[in-house]
Amino acid sequence: MQALEVTDLTVAYQDKPVLWDIDLDVPEGILMAIVGPNGAGKTTLIKSILGLIKPAAGNVLIYGKSYAAQRHMVGYVPQRGSVDWDFPTSVLDVVMMGRYGELGWFKRPSARDRKLAYDALEKVGMQEYAQRQISQLSGGQQQRTFLARALVQDAKLYFMDEPFQGVDATTERAIIEILQNLREQGKTVIAVHHDLQTVQEYFDWVTLLNVRRIASGPVSEAFSSENLRRAYGGRIAFLKEEKAAGD
Amino acid sequence: MDFLIEIFSDYTLRTVALGTAVLGIVSGALGTYAVLRRQSLLGDAMSHAALPGVVLAFMITGSREPLVLIIGAGISGIIGTLFMLVITRFTRLRADSALGIILSVFFGFGLILLQVVERLGLPNRAGLNVFLFGQAATLLQRDVVIMLVISTVVLALVALFWKEFKLLSFDRDFGSSLGFNMVWLDIILISLLVLAIVIGLQAVGVVLMSAMIVAPAAAARQWTDSLAIMMILSAIFGATSGIAGAIISSTGAGLSTGPVVVLVISSIVLFSILFATKRGIVWSWFARLRRQRVLRLEAVLNDMLKLAEQHQDPTHPHAMVVLQTMNHMQGGTRSTLSELIRRGWVEQVDSTHFSLTPAGVKEAQTFMSQGQFN
């Protein structure tokens, strides 16, 4: 059983295609990176799989059924910058939102939900921050808070939009450990990733995207310099030069 | 004192105060969402857009029954909001332009309708003008009863949708991914906002009603970091300014309530922005001064420890002149030294010389390793 099957997914804003005829087959129990240049449609891909953006065409199956039917199996970490971190609420409260899906309409979180939220915060090393106002968090702590909120969803398939964005090296290590831990439990993680240098180290699978699907498969096969050139065009050489100059 | 007794024994004034308190509570509570979702201007557009509805409802029914007018106001407010959504969705205009257009077009249309009513000389037309700037004194008991009923429904729905509205306000996409229908929630919340606005129109007026939506919440935000407390505070601020505005305008020389209410709530906002703990300007200013003073203490203690180390004697006395020279970037060496003496970390040896006490040496060493006071 595939964790995720996407067929012929096409998304367009007005007349401009953002994603064109995407096919994806993602097996269970892997960490997969989605990489591609800016404007490649990485976030759009995740959002259209989750039904947040209406695709022009295409079909998405999660464990063989539609997203609406399998919602409870899916966890989501949006981009950190997509929310207002000055919102008057506490870390624990944000994490508790991960329980809302299971609670459904109108039901209030119970003591058990609080306990689960605390446990999730402990897993990401944020238990002391439970009562902290979210405006006081650093970028890395915000990311961990979002991760804890996804963990509390207790999903089988996770979508994460740039989980390493704006975090320091220590937090990045901590987050990747959590993701690997999820994989050991048989869960599947699909993450938008920006740092090409760490793809091989962190992930098992990779999807290279640039409006079209350039390649998708195990890192050893799909993450070739030929595919990278096709995804990034001439820009990849520029990136490497810059890196060499910086070193 | 007599004044207060008069307020609470005067039947009319009591009714008016109750009405404005209720509208203050509801607009304060709903305003919390408007402010947090950055939709403050939406409230302004809605209240202006309600004017043609009020006048049309009167023209069609010939009645000035508050319920009729409120329904008219609500319908036209909602139509205005829909137009706004359509404009932002299907044209290249941004939300602020759409708001501006709707606000002025609807309000202008409402003003023309008011003049038409005047020209036609329709019976009963006299009271319609109060919807411009509001006149709380015109509230009758049955108006207040209607306001109470609507308010109860609105607040009950806020309580019912508490978790959902929080999700909508904080992270709409995440809420959607969980299966909550965010479009419907948005529509419900905006409708509640419309209700909060229309029940205040008679007392506060379409021109300034948005102040009752935005200002209490903006003031409340300064005092707390909790959504629930913010909403309660906002409701309290709203009620306070509503009552104060109604009483001042009723007892004064026939002042319109809207402007008076705005002055009262603005003072609350100003006070909150200046003096609120943590967020207030004055508070942060004092916090900065305190930090600065700590840094100065640290600098002087540091200098003294360094000098003392040259003499191999931690408590060796130093001349003030030397310390002032070392500290020339910071200034205020004299006052810093007296603060250090007060804390028992420095002793004055003679009129110009100072030395570290053993406690001061320890303190200096501690923060040299940690970079701060404990």
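Proteins get letters first, then strands, A, B, ... in listed order; numbering begins at 1 in each.
Note on ring orientation: taking the six-membered ring where Trp is involved, the planes of A:Phe87 and B:Phe170 are tilted (angle from 30° to 60°).
Using a 4.5 Å cut-off between heavy atoms, B:Ser226 touches chain A through its backbone atoms (N, CA, C, O) alone. There is no contact between B:Arg37 and chain A, counting heavy-atom distances below 4.5 Å. Proximity to chain A is absent for every atom of B:Arg172, based on heavy atoms less than 4.5 angstrom apart. Residue contact with chain B, scored on non-hydrogen atoms closer than 4.5 Å, is absent for A:Glu102. B:Ser169 touches chain A through backbone and side chain together, each having a heavy atom under 4.5 Å away. In this structure, chain B has heavy atoms under 4.5 Å from both the backbone and the side chain of A:Asp86. Neither the backbone nor the side chain of A:Phe159 has a heavy atom closer than 4.5 Å to any heavy atom of chain B. With a 4.5 Å cut-off on non-hydrogen atoms, A:Val94 touches chain B through its side chain but not through its backbone.
Between B:Lys163 and A:Lys107 the shortest heavy-atom distance is NZ-O, 2.9 Å. Taking both residues in full, the closest heavy atoms of A:Arg108 and B:Leu160 are given as NH2-N, 4.5 Å, listed atom of the first, atom of the second, then distance. Between B:Leu178 and A:Gly101, the shortest heavy-atom contact is CD1-N, 3.8 Å. Nearest heavy-atom pair across A:Leu52 and B:Ser177 is CD2-N, 3.8 Å.
With rounding to the nearest 0.5 Å, the separation of CE in A:Met97 from CG in B:Leu167 is 6.0 Å. In this structure, CZ on B:Phe174 lies 10.5 Å from CG on A:Leu50, to the nearest 0.5 angstrom.
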**OP:** Evaluate the criterion side chain to side chain contact (heavy atoms under 4.5 Å, CB included) for residue pair B:Trp162 and A:Phe106; output intermediate values, then yes/no.
**Re:** CA-CA 8 Å; B:Trp162 179 257; A:Phe106 310 130; over 6 Å; no
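Atom OH of A:Tyr67 sits in a crowded spot, with more than 12 heavy atoms from other residues, nucleotides or ligands closer than 6.0 Å.
For the pair A:Tyr76 and B:Asp171, the minimum side-chain heavy-atom distance is 4.5 Å or more.
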